[in-house]
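Structure first, then comments.
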Amino acid sequence: MAAFPEAEAPSPNIYIPEEWSEAADAIAYDSVTSPPPVALVCGAKNCGKTTFSRHLLNVLLQRYQKVAYLDTDVGQTEFTPPGFLSLTVIDQLTPDLTIPCLKTPDRCYFFGDISPKRDPKAYLKYIFALYDHYRREYSMLKDSRNPVKVELPLVVNTPGWVKGIGYEILVDILKYIGPTHVVKINISAEAKNLPAGTFWLDEDHEESLNLIEISSARQDSFKRSVLVQKDARLLRDLRIMAYFRQCFPSNSNITTIKELANALAAHPPYEIPISSIKIKHLHCQIPGTEILYSLNATIVGLAVSSEDSENLPPCVGLGIVRGIDTFKRLLYVLTPVPQSSLEKVDLLLHGFIQIPTCLLQVQGCISPYMSTNVLPSS
C-alpha cells in the first residue's frame with residue numbers, strides 16, 4: 001500500500017558550504033538593522049535557490065524576530081500549494097532545510113498555473129502587488145507619515161526559468177523590487193547561468209547594492225556542480241495532497257494515499273449557493289453554457305473580490321468542486337479553509353491546477369469526482 005509521504009523526504013546529509021554560510025551572514029549581519037535587508041535569490045533550475053533561501057531565513061531569524069518571504073515560483077511553491085504567489089511572514093526556524101511546510105500566507109494570489117508562460121503580465125502584476133503590500137505593512141517608506149510597527153527583512157525566491165521570456169521577467173522583478181542584496185547561484189554549465197555582473201541595471205544606476213555570486217552546493221568529486229533532477233509533477237501532487245489532508249484533524253489515521261482518497265470521498269462538503277459567487281476562468285475562455293461543466297471535479301482558488309483599481313482578488317485557499325446541483329443551484333466544495341474565512345469568499349478562480357490522479361484512481365475507491373451524470377448548466 002502506498003504510504004502518504006511528506007512533500008520531500010528529509011535528507012540528513014544536507015550540506016551548506018562555507019561560501020553559502022558567509023553569504024547568508026553577510027546579508028544578515030553586515031547591514032544596519034533599519035532598513036532591514038531585501039535579498040533576492042536567483043539562478044538556473046535546481047541550483048539550490050530554495051535550500052539557500054531556507055538557510056538564509058534561519059540566519060535572519062537569529063537576528064530578527066520575523067522575516068517576510070516572497071515566493072514567486074508558482075510551480076515549486078514553498079509555503080502554499082502550487083499555483084500561488086504569496087507573501088508569508090516567518091517567525092520560526094526551519095529544522096530540516098529539505099522539507100517545505102504549509103503555512104498561512106500574509107497575502108496570496110491564485111495565479112492558477114505552474115509557469116508564468118501563459119500570462120507574464122498578470123504574473124508580474126501579482127508579484128508587484130505583493131511587494132507593495134510588504135512595503136506598506138513591513139517596510140519604512142521614505143517620507144512616510146504612518147510608520148510601520150515593525151520593519152521586516154525580505155527574502156525573495158525566484159523560479160529557475162532564466163532564459164528567453166523567463167529572463168525578461170526576472171529583470172522586471174529585480175528592477176521593481178530593487179533589492180539591497182542579490183544572490184546569484186551559478187552552476188558549472190556556464191551556458192545555463194545568468195549573465196555576469198548586475199545584468200539588470202542600467203549603466204547610469206547609482207544606488208548601492210550588494211551582488212553575491214556563489215556556486216551550487218551540489219558537487220561531484222571534481223567540485224563540479226551537479227543538477228539534481230526532481231520529479232516536479234510528483235512534488236506538486238504531494239503538496240496538493242498535504243494541503244487537502246488539512247481537512248482532517250492531525251491525529252486522524254490517514255497515512256496512505258488510499259486512506260486520504262477515501263476520507264475525502266466521505267467528507268461532507270460545503271454547500272455554496274451558485275447565486276452567491278462569481279466564476280472566473282484564468283488563462284482561457286469558456287462558453288457560458290459550459291461554465292458549470294468545466295468546474296466539476298476541478299481545483300479552484302477561493303478568492304474575495306477586490307474593489308481596488310488593479311482588481312486583484314486576494315485568495316484564502318483552494319477547494320475541490322466535488323459536485324454541482326443545478327436544480328438546487330448549489331456547488332459542493334471540499335476545502336480545509338475554515339468556515340469563518342469561507343464566508344467571505346465570493347469568487348471562484350479556475351486555472352490549470354489539477355486534482356492528483358492518484359486521488360481519482362485508487363483501487364477499491366469509487367471516486368465521486370468521476371461521476372458522469374453532471375447536470376447541464378442551462
Side-chain angles (χ1 to χ4, degrees), residues 7-8 41 49-50 53-54 57 68-90 99-134 137 154-161 169 173 177 232-247 280-283 298-306 310-321 333-338 341-342 344-345 347-356:
E8 287 186 41
V41 184
K49 295 184 297 298
T50 298
S53 296
R54 293 174 190 166
L57 276 176
Y69 188 96
L70 177 53
D71 192 355
T72 70
D73 190 345
V74 289
Q76 298 296 328
T77 49
E78 181 67 11
F79 299 117
T80 66
F84 278 100
L85 294 160
S86 64
L87 179 75
T88 306
V89 175
I90 310 300
I99 303 179
C101 53
L102 294 167
K103 296 182 182 293
T104 302
D106 193 71
R107 174 161 292 198
C108 68
Y109 297 108
F110 185 58
F111 182 70
D113 205 351
I114 58 173
S115 167
K117 290 181 181 179
R118 293 184 198 268
D119 196 345
K121 289 184 179 179
Y123 172 81
L124 287 171
K125 187 184 293 186
Y126 287 135
I127 292 175
F128 296 167
L130 288 169
Y131 179 68
D132 291 344
H133 177 76
Y134 160 78
E137 299 294 327
L154 176 66
V155 176
V156 184
N157 190 22
T158 59
W161 186 28
I169 290 173
I173 294 173
I177 292 178
R233 181 172 182 175
L234 174 61
L235 293 177
R236 284 192 290 271
D237 283 354
L238 292 175
R239 291 190 65 71
I240 291 172
M241 288 190 285
Y243 178 79
F244 285 103
R245 169 64 176 80
Q246 296 177 123
C247 290
K280 181 178 181 181
H281 288 81
L282 307 172
H283 318 304
T298 64
I299 289 178
V300 293
L302 307 173
V304 181
S305 294
S306 174
E310 294 291 336
N311 190 27
L312 301 177
C315 205
V316 300
L318 291 181
I320 295 176
V321 180
V333 177
L334 296 170
T335 180
V337 174
S341 299
L342 196 61
K344 303 173 186 176
V345 171
L347 177 63
L348 299 186
L349 301 174
H350 181 220
F352 291 97
I353 305 302
Q354 299 178 341
I355 300 174

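The figures here come from the full heavy-atom set of this structure, side chains too, leaving out hydrogens, waters and symmetry mates.
The CG atom of Leu318 sits 5.0 Å away from the OH atom of Tyr243 when rounded to the nearest 0.5 Å. The distance from the SG atom of Cys247 to the CD1 atom of Ile320 is 7.0 Å, given to the nearest 0.5 Å. Rounding to the nearest 0.5 angstrom, the gap separating the OG1 atom in Thr77 from the CG atom in Leu235 is 10.0 Å. For the atom pair Leu348 CG and Cys315 SG, the distance stands at 9.5 Å (nearest 0.5 Å). To the nearest 0.5 Å, atom CD of residue Gln246 and atom OG1 of residue Thr104 are 7.5 Å apart. One finds the NE2 atom of His350 at 9.5 Å from the CD1 atom of Ile299 (value rounded to the nearest 0.5 Å).
The one candidate from Leu70, Val89, Leu154 that meets the side-chain contact (heavy atoms from CB on, under 4.5 Å) condition with Tyr134 is Leu154. A side-chain contact (heavy atoms from CB on, under 4.5 Å) with Leu342 is found for one member of Leu302, Val333, Val316 and no other, namely Leu302.
Looking at Arg239, its side chain does come within 3.5 Å of a backbone N or O of Glu78 through a donor-acceptor pair.
Legend: residues meeting side chain to side chain donor-acceptor pair (under 3.5 Å) with Asn157, ordered by chain and number and at least two apart, are Thr50, Tyr69.
The two atoms that bring Thr88 and Lys103 nearest to each other are CG2-CB, 4.2 Å, heavy atoms only. Among all heavy-atom pairs drawn from Ile240 and Pro82, the shortest one is CG1-CD, 3.7 Å.
Contact annotation: the side chain of Pro356 never approaches that of Phe244 to less than 4.5 Å [non-hydrogen atoms, C-beta and beyond]. At least one side-chain heavy atom of Ile169 sits under 4.5 Å from a side-chain heavy atom of Pro116. Looking only at side-chain heavy atoms (C-beta outward), Val41 and Thr158 stay at 4.5 Å or farther from each other. Side-chain contact between Tyr131 and Val156 is absent, with no heavy atoms from C-beta onward closer than 4.5 Å. Within the 4.5 Å cutoff, the side chain of Thr72 has no heavy atoms near those of the Tyr126 side chain.
The environment of NZ in Lys280 is sparse: at most 12 heavy-atom neighbours from other residues, nucleotides or ligands sit within 6.0 Å.
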Donor-acceptor contacts under 3.5 Å from residues 105-115 side chains, at least two apart:
unit_1 : atom_1 : unit_2 : atom_2 : d
Asp106 : OD1    : Tyr138 : OH     : 2.9
Asp106 : OD2    : His133 : NE2    : 2.7
Asp106 : OD2    : Tyr138 : OH     : 3.3
Asp113 : OD2    : Arg118 : NE     : 2.5
Ser115 : OG     : Lys117 : N      : 3.2

